[in-house]
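Inspection log for the structure reproduced underneath, given as structure tokens.
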Amino acid sequence: MAFGKGCHLHLIDGSAYIFRAYHALPPLTRKSDGLPIGAVSGFCNMLQRYIDGNSGADAPTHVAVVFDKGSHTFRNELFEDYKANREAMPEDLRPQIPLTRRATEAFNIACKEIEGYEADDIIATLACQAREAGGRVTILSSDKDLMQLVGDGVEMLDPMKNRRIDRDGVVEKFGVPPERVVDVQALAGDSVDNVPGAPGIGIKTAALLINEFGSLEELLDRAEEIPQPKRRETLTTMRAQIELSKKLVMLDCETPLDFTLDDLEVRDPDPDKLMPFLAEMEFRTLTKRVAEALGVEPPAIPDTTPEGANPDDSTAEAPPIRPEAYETVRDARALQDWIAQAQDRGWVAVDTETTGLNEMTCDLVGISLCVEVGRACYVPLTHRAAATDDLFGSDDLADGQMKLDEALALIKPLLEDPAVMKIGQNMKYDAKVLARYGIDIAPIDDTMLMSYAMNAGLHGHGMDTLAERYLSHTPIPIKDLLGSGKAQVTFDRVPVDEATRYAAEDADITLRLWQMFKPQLHRTQVTRVYEGLERPLVPVLAQMERAGIRVDRDALSRMSNAFSQKMAGLEAEIHELAGETFNVGSPKQLGEILFDKMGIEGGKKGKTGAYATGADVLEDLATEHELPRKVLDWRQLSKLKSTYTDALQEHINPDTHRVHTSYSIAGANTGRLASTDPNLQNIPVRTEEGRRIREAFVAEPGKVLVSLDYSQIELRILAHMAGIDALKQAFREGHDIHALTASEMFNVPLDQMTPDVRRQAKAINFGVIYGISGFGLARNLRIPRAEAQGFIDRYFERFPGIKTYMDDTVAFAKEHGHVETLFGRKIHTPEIGAKGPRAGFAWRAAINAPIQGTAADIIRRAMIRMPDAIDGLPAKMLLQVHDELLFEVETGAVDDLIGVARDIMEGAADPVVKLDVPLVVDAGQGANWAEAH
DNA sequence: CTAGAGCGCTCG
DNA sequence: GTACGAGCGCTCTAGC
């Protein structure tokens with residue numbers, strides 16, 4: 001049948017299907033020879049389901065599966081960096097690509113690709129042709145780039161969510177009709193495809209502008225009319241870039257095709273082609289199912305594995321997420337039933353709901369459980385009754401909830417059952433809350449940490465990000481339940497029905513992510529990192545955070561007052577010098593005073609048009625003028641007061657009288673921890689004034705604080721990793737490494753070393769760890785750039801292994817898309833192929849990451865072993881500051897603690913990595929942190 | 001009033 | 001246009 005009126009064309013985005021299948025499935029291999037076939041299996045299942053689901057009245061008359069071909073397209077001619085951010089195709093996916101083409105042919109569906117064109121362009125061209133011929137088109141894809149084609153008989157169908165997208169759907173997504181989608185995309189850009197767009201303008205703003213002006217061209221022509229100065233400037237100065245972006249996002253409806261619509265007519269599957277292919281792939285279940293559907297005898301597939309226990313192509317698609325289907329558990333019988341199911345299976349996803357984000361002060365409101373994808377429940381415990389009048393909520397508990405004690409008594413054995421894996425997202429939070437209710441949750445798995453182990457550096461690991469990315473699902477936003485700002489309520493004020501949908505959905509999503517991630521851990525070879533460096537840290541950190549550290553509130557308060565007085569004095573002097581009053585805390589106002597009013601030369605404006613007034617700038621000006629020095633002094637006091645003496649007091653827990661930080665395990669890309677609420681990893685130490693803050697961190701009476709820190713750990717790791725014999729030997733012999741470097745570089749004998757020469761060498765040593773550049777070193781040492789470059793050249797000459805290490809590391813990152821620590825932690829470097837200034841950033845980050853990351857791994861290992869090691873001692877581990885561990889210990893046990901903890905720390909690399917340099921740990925003790933450090 | 005960007009400063 | 005990795009308080013702006 002020739003294509004024309006009454007015909008219905010289906011266009012399937014094959015490349016998207018493949019990636020979807022690959023990421024959704026465990027790394028299946030063909031039993032007979034180990035060929036990876038996970039993606040092919042998923043792809044075939046999708047095709048089979050597609051055929052099954054499209055036999056009714058609205059069946060297509062024509063269909064094609066369309067693929068990308070070649071990585072270089074006409075868009076790269078327009079813009080070299082188009083899609084430059086894309087990660088390389090995984091090794092085990094590459095061989096599956098041609099197999100998916102064969103699969104499509106085997107199903108007797110037209111399979112189309114054109115060298116140098118993206119699937120989207122072929123789809124666009126076919127859709128245009130079909131529309132002109134008077135037919136209807138359905139595009140099966142969830143790619144938003146294709147939305148520009150919608151309208152006039154062209155629809156999209158998101159096969160994952162089974163959702164149709166018509167004109168209205170496009171307006172909902174982009175805020176503009178399909179024909180204006182390219183305009184919005186041109187402005188908003190696309191970080192995934194590396195389309196630049198207009199900086200600072202997202203989809204929302206873009207849609208606003210386009211709707212106001214009618215079209216992109218009109219907008220650019222009349223950009224002067226935009227009231228917001230920043231936007232106006234962006235649109236005027238970035239015009240070329242925006243126009244280029246439009247060319248990049250606009251799909252090409254003129255792709256030269258070597259076939260016609262008529263060639264795409266739907267054909268029945270040919271058993272003689274299809275059955276042999278499925279059998280060759282060794283898809284047992286699918287072969288049987290297809291044979292049944294076609295009414296033929298399934299071919300025999302030899303079973304080459306004796307156990308036959310591995311799943312083959314059992315790739316049942318997960319049921320959709322349906323929050324209305326979750327159950328609210330209101331009595332013991334129902335709860336016992338869920339507990340029994342969890343025990344039968346041996347695992348359960350758990351999530352706790354509380355009245356706040358602070359695990360030390362919030363109250364438990366409810367618990368959700370999920371035992372099977374799509375089947376989850378919520379156990380409300382302390383929800384409040386609905387408000388009785390307009391103003392106040394009731395403090396009474398709502399009806400229809402189990403008693404807290406009763407529910408906890410039932411659920412505690414499950415959460416502590418060593419035979420049942422408890423699965424959560426950010427389990428440290430739940431573990432800390434539950435610990436306050438006497439429940440020691442174990443064993444655990446954590447989807448956030450799985451994601452972090454596999455994909456650090458690639459994307460975020462919060463649940464919303466993961467659900468979006470791996471399940472194509474947007475979870476119910478918490479704001480929908482709690483509101484925001486002043487009107488925000490706590491979770492116990494949320495009606496139980498709503499709470500059930502939200503809370504149980506979280507558990508359901510967590511379970512889905514876990515099932516997806518578990519096999520991927522092996523595939524990406526980070527199981528040892530996850531099981532050895534991430535997961536075991538959860539209970540250790542939970543314990544440290546719950547312990548907290550005592551802080552002397554009165555001391556902070558006194559300091560705060562003293563700082564206030566000094567600041568007031570300085571402020572008056574500053575205003576006097578300036579000849580007017582202004583806000584000293586405003587860099588903008590300060591810049592105008594210095595460079596406009598007072599007319600000081602050399603003011604440099606940054607990208608926002610404001611003068612730079614950072615400490616380095618003011619430091620330079622201070623030699624000529626009086627005011628900058630006073631501002632510097634004022635800023636130091638301001639910082640100490642606001643961030644430390646004042647904010648810290650707010651963090652003292654009223655019950656424990658201690659400060660409890662929270663460590664994020666998946667915060668820093670390199671494997672370092674990050675401390676928040678408050679950050680106790682940046683308490684001042686470098687200046688005398690600042691150290692007084694540290695004096696306020698004290699031990700309980702009868703106890704002392706003990707600090708142990710690694711000496712020069714990153715330089716030692718660099719010496720080992722880069723294999724620098726001279727440095728390794730110096731560390732083995734306990735020499736002053738900076739002095740030795742200086743001696744080597746400047747030919748100064750060690751006994752004639754001056755502090756200044758040593759200081760320069762020290763800066764170079766640090767620079768190397770950070771991925772040195774002439775510019776950076778010059779700025780740090782305040783010397784001319786050429787001189788700094790001379791130092792670097794000499795350094796590389798003297799230690800050629802360093803240069804080799806740096807080059808090799810960058811090359812590794814370019815080849816693999818990530819770098820690794822000595823313990824196998826992967827840190828992804830998606831920007832490594834970037835061009836322009838971003839390249840420098842990416843290179844330096846790649847050079848630094850293995851060093852910083854290995855140091856982070858080492859102290860993690862020490863921390864994980866520490867609780868058992870100090871078990872018999874009256875000591876607690878309180879804080880970690882990257883290379884330092886702080887303990888609180890009874891006075892009589894200090895020496896024992898130092899002995900034990902030092903052994904653990906110095907031996908923390910063993911036995912996995914044999915370092916060529918010793919790890920050395922320095923120890924100190926005192927009544928407060930300043931003394932101990 | 002609130003959210004977010006940018007600046008500046010603290011630490012390892 | 002630049003040293004690597006973090007968090008947080010303040011000011012300022014845009015938008016509800």
Side-chain angles (χ1 to χ4, degrees), chain A residues 199-200 202 204-205 208 227-231 457 479 484-488 583-591 604 606-618 631-632 635-644 646-648 650-651 661-664 667-687 690 693-694 709-710 712-714 763-764 766-781 785 788 792 827 836-853 855-856 859 880-884 933:
Chain A
K204 286 263 167 66
T205 313
L208 209 71
Q228 297 91 341
K230 236 190 173 152
R231 242 175 238 176
K479 275 188 181 164
S484 71
K486 246 172 139 181
Q488 189 165 2
N583 184 350
V584 185
S586 164
K588 186 164 164 274
Q589 294 178 31
L590 175 66
K604 284 199 186 112
K607 50 190 157 191
T608 55
Y611 289 111
T613 66
D616 49 347
V617 176
L618 297 189
V631 172
L632 284 167
R635 276 193 187 162
Q636 192 198 1
L637 296 174
S638 163
K639 177 78 179 177
L640 292 176
K641 178 169 152 58
S642 67
T643 309
Y644 299 107
D646 291 353
L648 220 39
E650 301 296 311
H651 281 284
T661 184
S662 180
Y663 289 102
S664 40
N669 289 336
T670 53
R672 272 195 178 184
L673 300 179
S675 160
T676 64
D677 308 306
N679 181 357
L680 295 186
Q681 290 181 322
N682 71 348
I683 302 302
V685 70
R686 288 173 191 174
T687 67
I693 307 275
R694 262 183 202 235
D709 70 291
Y710 285 107
Q712 312 277 18
I713 187 165
E714 293 192 350
I764 297 167
F766 275 104
V768 169
I769 290 170
Y770 298 151
I772 201 158
S773 76
F775 187 95
L777 184 66
R779 216 176 54 147
N780 192 281
L781 285 177
R785 189 171 164 172
I792 295 169
I827 299 124
R838 288 195 322 194
F841 281 107
W843 285 19
R844 293 193 295 270
I847 290 165
N848 174 259
I851 303 169
Q852 188 182 112
I859 196 164
Q880 188 250 41
V881 192
H882 308 309
D883 64 358
E884 171 188 7
H933 186 77

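Here is the naming used below: chain letters follow the sequence lines, and residue numbers restart at 1 for every chain. We use all heavy atoms of the structure for the numbers below, so side chains are in, but hydrogens, waters and symmetry mates are not.
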Which part of the nucleic acid, if any, lies within reach of [X] when heavy atoms closer than 4.0 Å are counted: base, sugar-phosphate only, or nothing?
{"X": "A:Ala763", "answer": "base"}
{"X": "A:Phe766", "answer": "nothing"}
{"X": "A:Ile683", "answer": "sugar-phosphate"}
{"X": "A:Thr613", "answer": "sugar-phosphate"}
{"X": "A:Ser773", "answer": "base"}
{"X": "A:Gly767", "answer": "base"}
{"X": "A:Gly771", "answer": "nothing"}
{"X": "A:Asn682", "answer": "base"}
{"X": "A:Ala849", "answer": "nothing"}
{"X": "A:Ala615", "answer": "sugar-phosphate"}
{"X": "A:Ile772", "answer": "base"}
{"X": "A:Gln589", "answer": "sugar-phosphate"}

Rounded to whole Å, how long is the line connecting atom [atom1] of [X] with atom [atom2] of [N]?
{"X": "A:Asp616", "N": "C:dT2", "atom1": "CG", "atom2": "P", "result": "11 Å"}
{"X": "A:Asn583", "N": "C:dG9", "atom1": "CG", "atom2": "P", "result": "17 Å"}
{"X": "A:Ile847", "N": "C:dC4", "atom1": "CD1", "atom2": "P", "result": "10 Å"}
{"X": "A:Leu777", "N": "C:dC4", "atom1": "CG", "atom2": "P", "result": "13 Å"}
{"X": "A:Lys204", "N": "B:dG4", "atom1": "NZ", "atom2": "P", "result": "11 Å"}
{"X": "A:Phe841", "N": "C:dT2", "atom1": "CZ", "atom2": "P", "result": "6 Å"}
{"X": "A:Lys588", "N": "C:dT13", "atom1": "NZ", "atom2": "P", "result": "5 Å"}
{"X": "A:Asn780", "N": "C:dT2", "atom1": "CG", "atom2": "P", "result": "15 Å"}

Kindly point out which of [options] is positioned nearest to the side chain of [X]?
{"X": "A:Val685", "options": "C:dA6, C:dG7, B:dG12", "result": "B:dG12"}
{"X": "A:His933", "options": "B:dG12, C:dG5, C:dC8", "result": "B:dG12"}
{"X": "A:Arg672", "options": "B:dT10, C:dG5, B:dA3", "result": "C:dG5"}
{"X": "A:Asp677", "options": "C:dG5, C:dA3, C:dC8", "result": "C:dC8"}
{"X": "A:Thr670", "options": "C:dC8, C:dG5, B:dG12", "result": "C:dG5"}
{"X": "A:Arg785", "options": "B:dC9, C:dG5, C:dT2", "result": "C:dT2"}

4.5 Å side-chain heavy-atom contact, [X] and [Y]:
{"X": "A:Leu680", "Y": "A:Val881", "result": "no"}
{"X": "A:Ile683", "Y": "A:His933", "result": "no"}
{"X": "A:Asp709", "Y": "A:Ile859", "result": "no"}

Any [X] side-chain N or O less than 4.0 Å from OP1/OP2 of [N]:
{"X": "A:Thr608", "N": "B:dC7", "value": "yes"}
{"X": "A:Gln681", "N": "C:dG5", "value": "no"}
{"X": "A:Arg844", "N": "C:dA3", "value": "no"}

Using the side-chain hydrogen bond (donor to acceptor under 3.5 Å, both in side chains) definition, which of the options A:Arg635, A:Lys588, A:Gln589 pairs with A:Thr613?
A:Arg635

Can you name the nearest heavy-atom pair linking A:Asn669 to A:Ile827, along with the distance?
O-CG1, 3.4 Å

Closest non-hydrogen atom pair, A:Leu673 against A:Gln681
O-OE1, 3.6 Å

Is there a donor N/O on one and an acceptor N/O on the other, under 3.5 Å, for the side chain of [X] and the base of [N]?
{"X": "A:Ser586", "N": "C:dT11", "value": "no"}
{"X": "A:Arg686", "N": "B:dT10", "value": "no"}
{"X": "A:Arg635", "N": "B:dG8", "value": "no"}

Give me the distance, rounded to whole Å, that separates C:dG1 from B:dG6 when you measure between the P atoms they each carry.
15 Å

Have a look at A:Tyr770 and tell me which of A:Ile847, A:Asn848, A:Leu777 forms a side chain to side chain contact (heavy atoms under 4.5 Å, CB included) with it.
A:Asn848

